[in-house]
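Report on the following structure.
Proteins get letters first, then strands, A, B, ... in listed order; numbering begins at 1 in each. For clarity, every value in this text was computed on a predicted model and none was experimentally measured.
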There are 2 protein chains.
Amino acid sequence: MITATKKRIIESAIQVFNEDLSAPLQRVADKASVTRRTLHRYFSDRNELVAVCEKAIETSCRKAMIAAIQSSNDPLTQLENMLYAGIDCGAKYSFFYKLHQSKDHKHNTENKNCADYDYIYQHFHQIILQLQKNGKVNSDMSAQWIQVLHSGIIESTVNARHHPTKDFQEIKTLAWTSYIKAIAP
Amino acid sequence: MITATKKRIIESAIQVFNEDLSAPLQRVADKASVTRRTLHRYFSDRNELVAVCEKAIETSCRKAMIAAIQSSNDPLTQLENMLYAGIDCGAKYSFFYKLHQSKDHKHNTENKNCADYDYIYQHFHQIILQLQKNGKVNSDMSAQWIQVLHSGIIESTVNARHHPTKDFQEIKTLAWTSYIKAIAP
DNA sequence: CAAGAATGTCTCAAATTAGTGACATTTAGA
DNA sequence: TCTAAATGTCACTAATTTGAGACATTCTTG
């Protein structure tokens, strides 16, 4: 059973660690409106907290991404929903993406997390390939570059959320519009 | 006089702190291939190092951005060069942008750094406005959103540099192509 | 209300990080 | 080669962060 407090601590930790992995635990506790003592009742040490955060991220991002992939048979809709899923995951997505991109991350297909990551990005590449065949995406752009752009737009959009002049749904649509135009032929 | 070692320490610190502001100084020293003792000979304490990094960032980003703005009278060329300048600044640009966007940053027009930041982004907004008038940029997109996109693309491109399948100049061109298409009408 | 669970307060010891002095070693330049 | 500057090594203290015990307080729920 996962209590509300535990959940709040994890969410706070993800936000804090995403910006500053070495931040003192006090900052996580503060953000979660909880004492450091309480934090330590749920997580025996820093490593455990970080590990749980990573797991939580993997789980929720993976779920959201897979749902997006399976939401339709139309690759354009799939791509759009993958973008929205990333934006909705917010800081989690940045962290998720960082984890697998970081230099010291030893990619390992045996690892279930890596397998899921691979599953997602294999599909992503397939979607791009298909859209390129259909003439809906620029064939001069490699799937790898489009992936970089994809995550960049998600990150920007999530950051833009903090100083919201507009409705958030509107920003998401703006993100999609910009994205699809960027990669159009 | 700024020695090579001092410069190397500053560059390393910018990279390390950009990812993890609370990282131990040992990490900065390691990255600079220097002892922690030597680091402390150049910078009496952490705060001083951070301050020097910020100053270095401000100076070099400001210079590069202003040079980009003054490189031409054609707003499209100006925008293109601002993008390249950001990419060339690399981690410095992320830090520069973060510094002025962060919630706890108290913006102050009296502060010379903020004044420069304002100068740059006022010009940026003017450039966008002019391009929108000329029909070269989508008028439905606010200058603010374009700014978010601009920094997002720079950040992605800089990250993409780490796993370079292609020549870096090619990636820069790709970034510009994607960017201008994203904001085209 | 009563009891038990969750959280907070206060305290403390261990671990890590920060900063510095004293002296050895290396490096660059006259 | 000789010297001075730069850097490294080692040792040490101070400051910060971490993790946990003991007990008080607050919050739930029957």
Side-chain angles (χ1 to χ4, degrees), chain A residues 1-57 59-60 91-92 94-95 98-99 102-106, chain B residues 1-57 59-60 91-92 94-95 98-99 102-106:
Chain A
M1 170 55 189
I2 211 166
T3 69
T5 305
K6 186 168 184 174
K7 202 170 175 179
R8 214 170 57 241
I9 293 173
I10 295 173
E11 294 295 320
S12 306
I14 289 172
Q15 286 183 50
V16 171
F17 291 156
N18 186 40
E19 297 192 331
D20 187 354
L21 195 56
S22 304
L25 296 179
Q26 183 67 61
R27 278 235 286 280
V28 176
D30 288 346
K31 192 164 206 110
S33 304
V34 113
T35 312
R36 203 162 54 80
R37 190 65 190 86
T38 298
L39 186 151
H40 277 296
R41 284 208 182 87
Y42 287 98
F43 307 97
S44 65
D45 63 20
R46 185 191 196 82
N47 290 340
E48 190 186 328
L49 178 56
V50 171
V52 171
C53 286
E54 291 182 356
K55 197 170 203 103
I57 287 164
T59 306
S60 83
K92 283 198 198 79
S94 305
F95 212 160
K98 266 186 210 167
L99 278 179
S102 80
K103 279 155 294 214
D104 55 337
H105 172 65
K106 281 197 142 189
Chain B
M1 172 55 189
I2 210 166
T3 70
T5 304
K6 186 167 184 175
K7 200 169 174 178
R8 213 169 58 242
I9 294 174
I10 295 173
E11 294 295 319
S12 307
I14 288 172
Q15 285 183 51
V16 171
F17 292 155
N18 185 41
E19 296 192 331
D20 186 354
L21 195 57
S22 306
L25 295 180
Q26 183 68 61
R27 277 234 287 282
V28 176
D30 287 347
K31 192 167 208 108
S33 303
V34 114
T35 312
R36 202 162 54 83
R37 189 66 190 84
T38 298
L39 186 151
H40 277 297
R41 285 207 181 88
Y42 286 98
F43 306 98
S44 64
D45 63 20
R46 185 191 197 83
N47 290 340
E48 191 186 328
L49 178 56
V50 172
V52 170
C53 286
E54 292 181 354
K55 196 169 203 104
I57 287 163
T59 306
S60 83
K92 284 196 198 80
S94 305
F95 211 162
K98 265 186 209 165
L99 279 179
S102 79
K103 279 156 293 217
D104 54 337
H105 171 66
K106 281 196 141 188

Mark yes or no for a side-chain to base donor-acceptor pair under 3.5 Å between B/R41 and D/dG8, with no hydrogen or angle criteria applied. yes
Going by modelled atom types, is there a donor-acceptor pair between the base of D/dG19 and the side chain of A/R36 at under 3.5 Å? yes
Could you pull out all residues at least two apart from A/D20 that satisfy salt bridge (charged side-chain N to carboxylate O under 4.0 Å, His left out)? A/R27
Provide, to the nearest angstrom, the distance between the [atom1] atom belonging to [X] and the [atom2] atom belonging to [N].
X	N	atom1	atom2	answer
B/N47	C/dT17	CG	C1'	14 Å
A/L25	D/dT17	CG	P	10 Å
B/H40	C/dA22	NE2	P	17 Å
A/D45	C/dA14	CG	C1'	14 Å
A/L49	D/dA20	CG	C1'	17 Å
A/L39	C/dT9	CG	C1'	16 Å
B/F17	C/dT17	CZ	P	13 Å
A/D30	D/dT17	CG	C1'	14 Å

Can you identify which nucleotide, out of C/dT9, C/dA18, D/dA6, has its nearest atom closest to the A/R37 side chain? C/dT9
[X] vs [N]: side-chain N/O to OP1/OP2 distance below 4.0 Å:
X	N	value
A/T5	C/dT7	yes
B/T35	D/dG8	yes
A/Y42	C/dA6	no

A/D30 side, atom CG; A/L25 side, atom CG - distance, nearest 0.5 Å: 11.0 Å
OG-CD1 distance between B/S94 and B/I57, expressed to the nearest 0.5 angstrom: 9.5 Å
How close do A/I10 and A/A56 get, counting heavy atoms only, and between which atoms? CG2-CB, 4.0 Å
Between the main-chain N or O of B/A32 and the side-chain N or O of B/R8, is there a donor-acceptor pair closer than 3.5 Å? yes
Donor-acceptor pairs are to be reported for all side-chain atoms of residues 40-52 of chain B against protein atoms at under 3.5 Å, with residues two or more places apart or in another chain.
| from | atom 1 | to | atom 2 | distance (Å) |
| --- | --- | --- | --- | --- |
| B/Y42 | OH | B/T3 | OG1 | 3.3 |
| B/S44 | OG | B/E48 | OE1 | 2.6 |
| B/D45 | OD1 | B/N47 | N | 3.3 |
| B/D45 | OD1 | B/E48 | N | 3.0 |
| B/R46 | NH1 | B/A23 | O | 3.4 |
| B/R46 | NH2 | B/L21 | O | 2.9 |
| B/R46 | NH2 | B/A23 | O | 2.7 |
| B/E48 | OE1 | B/S44 | N | 3.1 |

From the list B/K31, B/K6, B/K92, salt bridge (charged side-chain N to carboxylate O under 4.0 Å, His left out) with B/E11 holds only for B/K92
Whichever of B/R46 and A/T38 has the more 5' nearest nucleotide on DNA chain C, that residue is A/T38
Using the C1' atoms of five pairs at each end, what's the angle between the two axes of the helix from C/dC1-D/dG30 to C/dA30-D/dT1, to 10 degrees? 40°
